[in-house]
Amino acid sequence: MSDRIDVLTEAIIDFAERRNWRQHHTPKNLVMALSVEVGELMEHFMWLDGRCSVPPPLRDDVRAEIGDVMIYLCNLAATLDIDLVEAAQEKLAEAERRYPVTPSSGEFGSMLSKS
């Protein structure tokens, strides 16, 4: 999977470079753009029942917004020279340490006491 992310990131950077957009891709601008795209993704879920999946008419829109989020996240990680997969793996390992599997696993309240 890491190879796929690397190939995607290279394509994203190439796309921006061919348009001379990289000059605008500062960490601040990329984080702001990422935030906007996450907001657009959230908008599709705003009035949905939390227990249901995404209704078919919205699925394509949600998929497109997830694509936008991924593009900006890959671009930001590349700009900051951060290995996206490594960073996620480290956070997952940290979560494993902080939230071990216990008989109370699955109860949201058990997570709140760990912060």
Side-chain angles (χ1 to χ4, degrees):
M1 177 113 137
S2 180
D3 290 341
R4 290 178 67 196
I5 290 176
D6 291 343
V7 168
L8 174 62
T9 300
E10 288 175 18
I12 292 165
I13 290 169
D14 181 61
F15 177 90
E17 284 179 349
R18 286 184 289 122
R19 289 156 180 82
N20 197 27
W21 291 352
R22 291 290 290 169
Q23 63 183 321
H24 306 293
H25 290 177
T26 63
K28 177 195 77 75
N29 288 348
L30 291 169
V31 167
M32 292 176 73
L34 177 60
S35 175
V36 168
E37 295 302 337
V38 169
E40 290 176 6
L41 177 60
M42 287 171 34
E43 187 176 17
H44 293 291
F45 292 86
M46 189 165 29
W47 302 116
L48 294 180
D49 179 340
R51 295 167 295 192
C52 75
S53 61
V54 176
L58 291 179
R59 187 164 175 81
D60 288 342
D61 292 339
V62 166
R63 187 174 194 272
E65 295 303 341
I66 288 173
D68 286 339
V69 167
M70 185 70 169
I71 287 169
Y72 280 110
L73 187 59
C74 287
N75 200 342
L76 177 63
T79 299
L80 296 173
D81 194 28
I82 292 173
D83 183 307
L84 203 50
V85 173
E86 186 179 283
Q89 289 171 331
E90 288 172 3
K91 287 298 289 186
L92 184 57
E94 178 185 327
E96 284 282 351
R97 287 188 299 277
R98 289 185 66 193
Y99 308 107
V101 176
T102 65
S104 66
S105 290
E107 295 177 17
F108 185 69
S110 65
M111 289 178 53
L112 294 177
S113 63
K114 300 264 184 183
S115 31

Open item on the list: Quick check for you: to the nearest 0.5 Å, what is the distance between E65 atom CD and L58 atom CG?
Closed with: 11.0 Å
TODO: Could you tell me whether a side-chain N or O of T9 sits under 3.5 Å from a main-chain N or O of I5, the two making a donor and an acceptor?
DONE: yes
TODO: Treat each ILVMFWY residue as a node, draw an edge where side-chain heavy atoms are under 4.5 Å apart, and state whether L41 and V54 are in one component.
DONE: yes
Task: pair E40-D61: side-chain heavy atoms closer than 4.5 Å - done: no
TODO: Take atom CD of E17 as the centre, draw a 6.0 Å sphere, and report whether it contains more than 12 heavy atoms from other residues, nucleotides or ligands.
DONE: yes
Task: Same apolar cluster: M32 and Y72, side chain cutoff 4.5 Å - done: no
Open item on the list: Between I82 and V85, is there shared hydrophobic-cluster membership here, with clusters defined by ILVMFWY side-chain heavy atoms closer than 4.5 Å?
Closed with: yes
TODO: Apply side-chain contact (heavy atoms from CB on, under 4.5 Å) to the pair T79 and R22, showing each step before the final yes or no.
DONE: CA-CA 9 Å; T79 299; R22 291 290 290 169; 3.7 Å; yes
Open item on the list: With a sphere of 6.0 Å drawn around CZ of R63, does it hold more than 12 non-hydrogen atoms of other residues, nucleotides or ligands?
Closed with: no
Open item on the list: As an exercise, state the distance from CG of L73 to CD1 of I12, rounded to the nearest 0.5 Å.
Closed with: 9.0 Å
Task: Side-chain heavy atoms of L48 within contact of P55, under 4.5 Å - done: yes
- [ ] To the nearest 0.5 Å, tell me how far L76 CG sits from L84 CG.
- [x] 9.0 Å
Task: Close side-chain approach of I71 and E37, heavy atoms under 4.5 Å - done: no
Task: Which residues share a side chain to side chain donor-acceptor pair (under 3.5 Å) with N29, sequence neighbours left out - done: T26
Open item on the list: I need the full list of ring-ring contact (aromatic ring centres under 6.0 Å, His included) pairs touching residues 18-69, with sequence neighbours left out, sorted by first then second residue.
Closed with: F15-W21
Task: K28: salt bridge (charged side-chain N to carboxylate O under 4.0 Å, His left out) partners, not counting sequence neighbours - done: none
Open item on the list: Measuring from atom CG of D6 to atom SG of C74, what distance do you get when rounded to the nearest 0.5 angstrom?
Closed with: 9.0 Å
